[in-house]
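What you see is a predicted model, and the numbers here were worked out from it, not measured in a lab. For the single chain, residues carry numbers from 1 onward in sequence order. Every number for a ligand or one of its atoms is a count from 1 in the order of the listing.
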Amino acid sequence: MISKPQYGAVALVGRPNVGKSTLLNHLVGERISITAHRPQTTRHAVRGIATWGAVQAVFVDTPGIHGGGKRALNRVLNRTARGSLADVDVVVLLVQAPQFTGDDQLALDAAIRSERPVILAVNKIDRLSDKASLLPYLQSLPGVESVAHVVPVSALKGDGVDQLKHCLIDLLPHGEHVYAADELTDKSERFLAAEMIREQLTRQLNKELPYAITVEIEQFDVSPSGYRILAAIWVERDSQKGIVIGHQGNKLKSVGSRARERMSALFGVPVHLEQRVLVRRDWSDDRDALHSLGLGD
Ligand SMILES: Nc1nc2c(ncn2[C@@H]2O[C@H](COP(=O)(O)OP(=O)(O)OP(=O)(O)O)[C@@H](O)[C@H]2O)c(=O)[nH]1
Ligand SMILES: [Mg+2]
């Protein structure tokens, strides 16, 4: 029997750091959205495409929703997350067992207000030392009666992801596929390259600093021997520039070589990467500067 094609968009929402980007990568099967052990890693609504036979789902990874919105960057991130709920068919709300915080409540409220079917995915179950605590935790979650499915998962290990797929297939509308079966994202390789550098900066630098960093690709040349990429890393202060470059340039080298490996793996070609570090004062609190760097739309 040939099944009717299904197609739809799925938003992945939740407070910062619950594992939205990790789950997107698992669902798509490639590392297209950057992840780090730190809140507010994702700044743009990244789309990842998965095609499972007759079913095609476009996942929209969003910046974590949270209550503290003082700096312009925070406000822009929150708007991006809430805005992406308007255009989707299904919402997957992630929470992280065994917690349920005020920011989880904000995200749940936004999901329910979207009037889309909601799947509540309870992530990081691999970290629960006492598996028996999962059931009472699930029963204690507020708003469970308003969601279509509740699925415990580990985005990192893949547990429960198949069950999540089945819940999605249950909810996605019928429709023709929009993307070819081998397409993984709507983002350009240029965008992905900048994100992979930011991922390594976020992972390899000390706490706090990464919020003051953004990456711009100045040149992206394609040749038969591979890609040649020139990147500018923007920081807010001269002192931060020193930290990014590191002793004898070691930090920048290590960021570059790891990012380059990831790029080569995803793009399937050799990558030559050059990076420079530039100072632009207070960009994370300057809406015009956010715009000129492609954030905030
Ligand atoms: N143990 C465990 N860790 C996980 C799991 N899923 C994600 N993580 C880790 O949690 C951290 C945050 O993951 P991300 O995927 O970046 O989280 P996010 O929700 O996209 O975060 P923001 O983009 O900052 O909102 C990373 O260190 C992940 O490796 C999981 O199922 N189990
Ligand atoms: Mg993320």
Exercise for the section: Going by heavy-atom distance to atom 32 (N) of ligand 1, choose the closest among Val18, Val13, Asp126. Expected result: Asp126
Problem - Side chain, backbone, both or neither: the part of Asn123 lying under 4.0 Å from ligand 1 by heavy atom - result: side chain
Practice task
Considering only non-hydrogen protein atoms, determine which one is nearest to atom 25 (O) of ligand 1 and report residue, atom name and distance to 0.1 Å.
Solution key: Lys20 NZ, 2.9 Å
Problem - Closest approach of any protein heavy atom to atom 7 (C) of ligand 1, naming residue and atom - result: Thr22 OG1, 3.4 Å
Problem - Best match, His26, Lys124, Arg43: closest heavy atom to atom 4 (C) of ligand 1 - result: Lys124
Problem - Contacting atoms of ligand 1, where contact means under 4.0 angstrom from a heavy atom of Thr41 - result: 22 (P), 23 (O), 24 (O)
Problem - Sub-4.5 Å side-chain heavy-atom contact between Ile169 and Gln6 - result: yes
Problem - Any N or O of Asp61 closer than 3.5 Å to N or O of ligand 1 - result: no
Exercise for the section: Could you confirm whether Thr35 has any N/O/S atom lying under 2.8 Å from the Mg ion (ligand 2)? Expected result: no
Exercise for the section: Give yes if a backbone or side-chain nitrogen or oxygen of Ser154 is under 3.5 Å from a nitrogen or oxygen of ligand 1, and no if not. Expected result: yes
Fill in the blank from the handout: In ligand 1, the atoms that come under 4.0 Å of a heavy atom of Asn17 are 11 (C), 12 (C), 17 (O), 18 (P), 19 (O), 21 (O), 22 (P), 24 (O), 25 (O)
Exercise for the section: Report the distance from atom CG of Leu108 to atom CG of Leu141, rounding to the nearest 0.5 Å. Expected result: 8.5 Å
Handout entry: Nearest-neighbour protein heavy atom for atom 17 (O) of ligand 1, which is reported as residue plus atom name and distance
Key = Gly19 N, 3.1 Å
Problem - Path from Tyr7 to Val90 over hydrophobic side-chain contacts below 4.5 Å - result: no
Problem - Gap between atom CG of Leu273 and atom CZ of Arg260 - 0.5 Å precision - result: 7.5 Å
Problem - Salt bridge present between Glu199 and Arg258 (N-O < 4.0 angstrom) - result: no
Problem - Numbered atoms and elements of ligand 1 in range of Pro16, under 4.0 angstrom, heavy atoms - result: 25 (O)
Completion exercise
Between Tyr179 and the options Thr51, Leu184, Val58, the side-chain contact (heavy atoms from CB on, under 4.5 Å) test singles out Val58
Exercise for the section: Say whether Ser21 and Asp61, considering side chains only, have a donor N or O and an acceptor N or O under 3.5 Å apart. Expected result: yes
Problem - Side-chain donor-acceptor contact under 3.5 Å, Arg190 with Gln219 - result: no
Handout entry: Which segment of Ala36 sits under 4.0 Å of ligand 1 when only heavy atoms are counted
Key = backbone
Practice task
Output yes when Arg43 and Glu195 qualify as a salt bridge under the 4.0 Å nitrogen-oxygen rule, no when they do not.
Solution key: no
Handout entry: Heavy-atom nearest option to atom 27 (O) of ligand 1, drawn from Lys157, Arg38, His37, Arg127
Key = His37
Handout entry: Nearest neighbour in protein (non-hydrogen) for atom 29 (O) of ligand 1
Key = Leu156 CD1, 3.8 Å
Exercise for the section: Taking only Lys NZ, Arg NE, NH1 and NH2, and the carboxylate oxygens of Asp or Glu, determine whether Arg15 and Asp103 approach each other closer than 4.0 Å. Expected result: no
